[in-house]
Amino acid sequence: MLIERAAKLDDEDPLRHLREEFDLDPGVVYLDGNSLGAPPKRVAGRVEQVVREQWGRRLIRSWPESWWTAPERVGEKIAPLVGAAPGQVVVADSTSVNVFKALVGAVRLAQAGSPERREIIVDAATFPTDGYVAESVAEMTGTLLRPVQVDEFDDVLGDRTAAVLVNHVDYRTGRLHDMPSVTAKVHAAGARVVWDLCHSAGVLPIELDALGVDLAVGCTYKFLNGGPGAPAFIYVPRELQPSFRQPLSGWGGHRDPFAMASAYDPDPGIARARVGTPDILSLLALDAALEVWEGVDLAEVRAKGLALTGFFIECVDELLGDAVEVVTPRDAWRGHQVSLRHQDARTLVADLTAREVIGDYRAPDVLRFGFAPLYNRYADAVQAARSLAELLTSRN
Ligand SMILES: *Cc1c(COP(=O)(O)O)cnc(C)c1O
């Protein structure tokens with residue numbers, strides 16, 4: 001029954017043609033696009049062209065011809081995916097580094113008129129790097145770091161709060177946080193919010209401009225399929241750009257980098273969020289990968305992601321019963337992954353991988369399955385649930 005339903009859902013899927021854009025091994029059920037997106041077919045040829053032509057033939061001339069401004073150019077391709085008007089997103093550095101830049105920038109913005117704001121609130125369940133970086137930012141800025149569950153932000157937000165760092169989708173549970181409501185609460189307290197969009201960029205509509213979000217960062221190698229270690233992005237809205245002072249004042253963020261001036265004078269626009277020389281090969285691989293999104297309606301992507309994850313939960317309920325616990329919310333407050341809890345999660349994930357069903361494991365006991373609406377099928381959902389059911393049965 002589930003298999004027939006999956007076949008029908010796949011047939012009726014308005015996005016099914018997009019799978020053709022990806023270079024996927026037909027023997028593998030790939031459910032880890034939330035950790036490393038699959039490669040769009042066009043990327044390999046583009047990277048070869050960049051190496052042979054831009055690097056090989058144009059050599060150093062490629063910097064002024066196209067490379068130096070690539071971070072802004074590629075940023076403009078991400079902007080519509082996160083609800084940002086042009087001139088506000090740049091691709092640079094890693095997410096960890098951008099969290100650092102954004103959070104220090106947020107504290108400085110908040111303290112500009114209110115030096116008594118000496119607390120940073122961080123989502124207590126955050127992806128570790130965000131928490132580690134926040135701890136260092138707190139130490140450097142002389143603020144107090146308060147790790148708090150998102151549901152309890154109300155209890156701690158106040159006139160001592162400088163900045164709040166929060167994940168849009170929880171990497172472990174897949175829970176989706178309410179961006180409009182959290183942003184409004186932080187602003188009502190007079191503080192600044194930094195959203196981490198690592199697990200949501202590209203798979204659900206995001207309205208950074210409309211919500212008046214202060215700063216945002218995100219990965220490009222997850223659902224945006226930019227490739228391993230592809231550079232991350234950072235969003236700084238236009239009205240905050242003149243007062244956004246990030247801590248890594250490298251020459252890449254200078255108003256006139258090639259003037260080689262002795263004093264740092266930041267670019268008036270989004271380029272001030274840059275630091276040093278961009279990693280061109282990864283950046284241009286990402287540039288090619290992002291072409292896949294042209295003409296794709298994010299509302300449709302979101303609808304498919306909810307349907308796929310919902311269908312997978314149904315398969316799990318039916319085939320696995322209560323052998324596993326579904327950790328991910330069953331309502332619409334979830335991203336595009338389903339997390340299951342089982343005490344042997346680590347070995348189960350390894351055994352699934354041996355059967356070419358690839359999800360991942362998150363300590364201590366979570367099996368994670370990411371559903372990338374651009375290339376995952378309902379058939380993948382059934383197959384993963386069936387393989388897991390077989391594994392659990394064979395162990396009894
Ligand atoms: C994946 C992820 C990161 C990764 O940061 P890197 O600097 O790219 O290693 C950071 N934060 C969150 C929330 C993530 O999901």
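Atoms within each ligand, like the ligands themselves, are counted from 1 in listed order.
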Taking Leu36 as the starting point, is it possible to reach Tyr171 by hopping between hydrophobic residues whose side chains are less than 4.5 Å apart?
no
Could you state whether Trp195 and Val186 fall into the same hydrophobic cluster, counting links through intermediate Ile, Leu, Val, Met, Phe, Trp or Tyr residues with side-chain heavy atoms under 4.5 angstrom apart?
yes
How close do Pro71 and Arg274 get, heavy atom to heavy atom, and via which atoms?
CG-CZ, 3.6 Å
Measure across Pro373 and Val203 and return the closest heavy-atom pair with its distance rounded to 0.1 Å.
CD-CG1, 3.5 Å
Donor on one side chain, acceptor on other, Arg362 and Ser339, under 3.5 Å
no
Does a donor on one side chain and an acceptor on the other come within less than 3.5 Å for Arg368 and Ser35?
yes
Go ahead and list the nitrogen or oxygen contacts between ligand 1 and the protein that come in under 3.5 Å, distances to 0.1 Å, or just say none.
unit_1, atom_1, unit_2, atom_2, d
ligand 1, 7 (O), Thr95, N, 3.4
ligand 1, 7 (O), Ser96, N, 2.8
ligand 1, 7 (O), Ser96, OG, 2.6
ligand 1, 8 (O), Tyr221, OH, 2.6
ligand 1, 11 (N), Asp130, OD1, 2.8
ligand 1, 11 (N), Asp196, OD2, 3.2
ligand 1, 15 (O), His199, NE2, 2.9
ligand 1, 15 (O), Lys222, NZ, 2.6

